Undergrad: 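Quick one: the structure is below, questions incoming.
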Amino acid sequence: MPELPEVETIARGLAKRVTGDRVESVWLGSKKEPLKSSPGAICAVLERSSILGVRRAGKHIVFDLQTGDETKHSAQWIVHLGMTGRVLVCDVQETLAAHTHAVVKLASGREIRFVDPRRFGRLSVSNEGGFAAPGAEPLQVPLDRFIYLFRGRKTPIKSALLNQRLLSGVGNIYADEALYRAGIRPRRRAESISSKELARLHAALRKVLGEAIKLGGSSISDYVDADGEEGFFQLRHRVYGREDEPCRACKTRIKRIVIAGRSSHYCPVCQK
DNA sequence: ACTATTTCCTGGATGC
DNA sequence: TGCATCCAGGAAATAG
């Protein structure tokens, strides 16, 4: 499940491989779910455009483009991986994986392929005003603004962390890991958490996301980066996926509860 | 303006 | 072994 560190890793890998290349043609599959923009709009933006760079915004991969027509407008191709999405850079002769929904042919002779079995991923394009993720970037947001995000919210802090309109990029794994490191139980109402605790959460979130990026993300089920490499942060998980295993600090069994339909893991002793 | 719940998807795990 | 059922979860849609 790609969250901020996984998407950052993938975007860096893609940037290394396709920056400076040019799009020759685009093939889109027949399934409609993966397309957030119309097929015509996606092709119009992508075909003959140059790739200026690839970056992450929240959980989105953003390809910065310069259109191939005489206007040379800037535009973006935006890929959201959902649960099981992958963006691969392949040689043309490599066999097409099942559930390939888009193939972008490059002037270098290679192809960017979007593969997504579960079809929760989304492709879109933007050419006016650029693209911005709706929430604040967790690695950039200053403490005072971070604290303000949760003011007056009755929803559990875990749900608030997952709300992409507040923070962009935090998903189930890193929400649980950050709450553990900050010593805050996931079910606590966001508004009930003190500024001091929120300061701990702010720091914990930055630390956990930063460490995970350094380790290439967490490989759960089938995640691999743009080069097919697995991440290693799953080895540092302290609560996520560790139900009934001993807390690394106090040996208490890690509990799993469901909040807003999402499994949430915490230590009943270390987290208050 | 919020918050909670439901829905979309398929592969892998589980149960009988 | 085979078949049915359940579960994972990001985000949009729907309901309250």
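Predicted, not measured: the structure shown is a model, and the values here were computed from it. Chain identifiers are assigned alphabetically (A, B, ...) following the order of the sequence lines, protein sequences preceding nucleic acid strands; residue numbering begins at 1 within each chain.
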Undergrad: Would you say the side chain of I259(A) lies within less than 4.5 Å of the side chain of I257(A), judging by non-hydrogen atoms?
TA: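 SC-SC contact between I257(A) and I259(A) confirmed.
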Undergrad: Rounded to whole angstrom units, what separation is found between the CD atom of E33(A) and the P atom of dC9(B)?
TA: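 Rounded to the whole Å, the gap is 4 Å.
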Undergrad: Below 30° counts as parallel, above 60° as perpendicular, anything between as tilted: where do the rings of F146(A) and H202(A) land?
TA: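 Answer is tilted, since the angle falls between 30° and 60°.
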Undergrad: Should the ring pair H99(A) and H101(A) be called parallel, tilted or perpendicular, given that the plane angle runs from 0 to 90° and is split at 30 and 60?
TA: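 Tilted, since the angle between the ring planes falls between 30° and 60°.
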Undergrad: Do R55(A) and E8(A) have side chains that approach each other closer than 4.5 Å (heavy atoms only, starting at C-beta)?
TA: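 SC-SC contact between R55(A) and E8(A) ruled out.
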Undergrad: Can a side-chain donor-acceptor contact be found between T155(A) and R153(A) if the only test is distance below 3.5 angstrom?
TA: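 Side-chain D/A pair, R153(A) to T155(A): absent.
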Undergrad: Can you tell me if D176(A) and H265(A) form a side-chain donor-acceptor pair at under 3.5 Å?
TA: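 The criterion, which ignores hydrogens and geometry beyond distance, is satisfied for H265(A) and D176(A).
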Undergrad: Calculate the interatomic distance between N163(A) atom CG and dT5(B) atom C1'; express it in whole Å.
TA: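 The distance from CG of N163(A) to C1' of dT5(B) comes to 15 Å, rounded to the nearest Å.
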Undergrad: If the sugar-phosphate is the primed atoms plus P, OP1 and OP2 and the base is the rest, what is the B/S/- string for nucleotides 9-16 of chain C, using protein heavy atoms under 4.0 Å?
TA: BBBS----
Undergrad: Using whole Å, report how far CD of E191(A) lies from P of dA1(B).
TA: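 Checked: the CD to P distance equals 18 Å.
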Undergrad: Whole angstrom is fine here: how far is it from CD in E243(A) over to C1' in dA13(B)?
TA: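 Atom-to-atom, E243(A) to dA13(B), this comes out as 15 Å.
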Undergrad: Please give, in whole Å, the distance from dC9(B) P to L81(A) CG?
TA: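 One finds 18 Å between P of dC9(B) and CG of L81(A), rounded.
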Undergrad: For dC9(B), does either OP1 or OP2 sit under 4.0 Å from a side-chain N or O belonging to H99(A)?
TA: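 Looking at the OP1 and OP2 atoms of dC9(B), neither is under 4.0 Å from any side-chain N or O of H99(A).
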Undergrad: Within this structure, what is the NZ-to-P distance between K31(A) and dC9(B), rounded to whole angstrom?
TA: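 Computing the K31(A):NZ to dC9(B):P distance gives 10 Å.
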Undergrad: Write down the distance between CD1 (I257(A)) and P (dA8(C)), rounded to a whole number of angstrom.
TA: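 Those two atoms, CD1 and P, are 13 Å apart.
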Undergrad: Is T155(A) close enough to dA4(B) that one of its side-chain N or O atoms is under 4.0 Å from OP1 or OP2 there?
TA: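 For dA4(B), OP1 or OP2 has a side-chain N or O of T155(A) closer than 4.0 Å.
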